[in-house]
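First up is the structure itself, then whatever we jot down about it.
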Amino acid sequence: KELKLFCDVLDEGLRALAVVADDWPLIVVDPDTAREDFLDAILWDLGNPFDWLPLDIQKKRLLARWMHALVALKGSGIGIRAAIRLLLGIEVQVHVYGFGVYGLGAAVMGESFVLGSDDEDDLYTFWVIVPEQLDAETREYMNRIIDIMKVAHERHLIVEPQTLFIPDHW
């Protein structure tokens, strides 16, 4: 009789522990429900190249969800745009200066079409066109994100809209 009472007391606590143990994968592994320290461990395990970037918990959750896709898009203009959009929230355009797509019969060689240059600056440089003026910190973050996402031999230039300068010499 006393043994049964003792086992009933233990059973209640063990059942509570079993419920917690059943939820453990959701608490630890799922980026949508994990605590921030577990989320940092998930990002570290995924090989997060953006660990230097100060992110809030919502951005960390998004990054943990999209890390595989970003790695798959690495080295492409789409990947650079996606990484900047995800991490900085800025919609940019990537323009490759020395490359264009022409349809069949759209251009005539020597008249409306000029063959590209063999200059490395033209061939390996692309522009990241930004819709607004950036502060120094955001520009540095963007440069580092682009350096991580681009192909190693490529160069980039961030093009920002210039403020209109009106000389006041009258």
Side-chain angles (χ1 to χ4, degrees), residues 6-101 120-163:
F6 179 69
C7 287
D8 287 342
V9 170
L10 285 179
D11 187 52
E12 185 177 341
L14 290 175
R15 285 182 191 268
L17 283 175
V19 168
V20 172
D22 287 342
D23 289 341
W24 185 254
L26 294 176
I27 295 169
V28 176
V29 179
D30 186 19
D32 292 331
T33 58
R35 294 190 328 231
E36 190 166 6
D37 53 342
F38 289 127
L39 201 53
D40 291 336
I42 290 169
L43 288 170
W44 180 84
D45 192 43
L46 290 172
N48 181 15
F50 308 108
D51 56 352
W52 47 269
L53 194 60
L55 299 174
D56 62 357
I57 192 161
Q58 294 304 322
K59 293 274 184 165
K60 286 181 183 181
R61 291 186 196 286
L62 277 174
L63 184 58
R65 283 269 178 228
W66 289 97
M67 181 67 74
H68 290 293
L70 283 180
V71 170
L73 293 172
K74 189 171 179 172
S76 69
I78 296 170
I80 292 169
R81 288 180 61 202
I84 292 171
R85 183 185 317 120
L86 178 72
L87 298 169
L88 298 179
I90 301 172
E91 191 68 43
V92 299
Q93 293 179 349
V94 176
H95 176 72
V96 181
Y97 175 72
F99 179 75
V101 178
E120 284 190 9
D121 286 337
D122 291 342
L123 294 174
Y124 296 130
T125 301
F126 62 91
W127 299 340
V128 177
I129 302 170
V130 183
E132 72 251 7
Q133 200 72 21
L134 302 175
D135 61 344
E137 183 181 44
T138 307
R139 190 177 304 108
E140 176 62 28
Y141 289 160
M142 189 175 290
N143 274 319
R144 289 182 71 180
I145 291 169
I146 294 168
D147 282 338
I148 289 169
M149 293 300 293
K150 71 179 180 66
V151 178
H153 65 274
E154 292 180 338
R155 302 173 191 100
H156 71 276
L157 176 68
I158 295 176
V159 179
E160 302 176 44
Q162 300 296 321
T163 56

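In what follows, residues are counted from 1 in the order of the sequence shown. Side chains are part of it too, since the values below use all heavy atoms of this structure and drop only hydrogens, waters and symmetry mates.
- Applying the side chain to side chain contact (heavy atoms under 4.5 Å, CB included) criterion to Val71, with sequence neighbours excluded, gives Met67.
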Apply side-chain contact (heavy atoms from CB on, under 4.5 Å) to Cys7 and Leu10, showing your working. CA-CA 5 Å; Cys7 287; Leu10 285 179; 5.6 Å; no
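- Contacts of Asp56 classified as side-chain hydrogen bond (donor to acceptor under 3.5 Å, both in side chains), with partners at least two apart in sequence or in another chain: none.
- Distance CG/Leu46 to CZ/Arg65: 11.0 Å, rounded to 0.5 Å.
- Note that the CD1 atom of Ile57 and the CD atom of Glu36 stand 4.5 Å from one another [nearest 0.5 Å].
- Here the shortest heavy-atom pairing between Ile42 and Ala64 reads CG2-CB, 4.3 Å.
- Here Leu87 contributes atom CG and Met142 contributes atom CE; the two are 10.5 Å apart, rounded to the nearest 0.5 Å.
- Applying the salt bridge (charged side-chain N to carboxylate O under 4.0 Å, His left out) test to every pair with at least one member in residues 67-79, sequence neighbours left out, gives no pairs at all.
- Applying the ring pair (Phe, Tyr, Trp, His ring centres under 6.0 Å) test to every pair with at least one member in residues 59-85, sequence neighbours left out, gives no pairs at all.
- Minimum heavy-atom separation, Ala83 to Met149: CB-CG, 3.8 Å.
- The neighbour count for Glu160 CD, taken as heavy atoms of other residues, nucleotides or ligands under 6.0 Å away, is above 12.
- Arg81 meets the side-chain hydrogen bond (donor to acceptor under 3.5 Å, both in side chains) test with Glu91; sequence neighbours excluded.
- Of all heavy-atom pairs between Arg139 and Leu134, the closest is NH2-O, 2.7 Å.
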Any chance you could lay out the side-chain contact (heavy atoms from CB on, under 4.5 Å) test for Leu55 and Leu62, step after step, and finish with the verdict? CA-CA 10 Å; Leu55 299 174; Leu62 277 174; over 6 Å; no
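- Considering only residues two or more places apart in sequence or on other chains, Asp51 meets the side-chain hydrogen bond (donor to acceptor under 3.5 Å, both in side chains) condition with none of them.
- For Glu140, the salt bridge (charged side-chain N to carboxylate O under 4.0 Å, His left out) test picks out no residue, with sequence neighbours left out.
- A distance of 9.0 Å separates CG in Leu86 from CD1 in Ile145, rounded to the nearest 0.5 Å.
- Among residue pairs with one or both ends in residues 128-154, those qualifying as ring pair (Phe, Tyr, Trp, His ring centres under 6.0 Å) are Trp52-Tyr141, Tyr124-His153; sequence neighbours excluded.
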Assess whether side-chain contact (heavy atoms from CB on, under 4.5 Å) is satisfied between Leu63 and Leu43, documenting all intermediate values. CA-CA 8 Å; Leu63 184 58; Leu43 288 170; 4.0 Å; yes
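- Within a 6.0 Å sphere centred on CD of Glu132, heavy atoms belonging to other residues, nucleotides or ligands number more than 12.
- Screening Asn143, Val92, Ile90 for a side-chain contact (heavy atoms from CB on, under 4.5 Å) with Val128, the sole residue that qualifies is Val92.
- Sparse packing is recorded around CD1 of Ile78, with 12 or fewer heavy atoms of other residues, nucleotides or ligands lying under 6.0 Å away.
- In this structure Asp135 satisfies the salt bridge (charged side-chain N to carboxylate O under 4.0 Å, His left out) test with no other residue, sequence neighbours excluded.
- Atom CD1 in Ile158 sits 14.0 Å away from atom CH2 in Trp127 (nearest 0.5 Å).
- One distance of note links CG of Asp30 with CZ of Phe38; it measures 13.0 Å at 0.5 Å rounding.
- Under the salt bridge (charged side-chain N to carboxylate O under 4.0 Å, His left out) criterion, Asp11 pairs with Arg15, not counting sequence neighbours.
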Applying side-chain contact (heavy atoms from CB on, under 4.5 Å), run through Phe126 and Ile146 and close with a yes or a no. CA-CA 11 Å; Phe126 62 91; Ile146 294 168; 3.8 Å; yes
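- Within the structure, salt bridge (charged side-chain N to carboxylate O under 4.0 Å, His left out) pairs that include any residue of residues 141-154 do not occur (at least two apart or interchain).
- In terms of the salt bridge (charged side-chain N to carboxylate O under 4.0 Å, His left out) criterion, residue partners of Asp40 (sequence neighbours excluded) are, by chain and number, Lys60.
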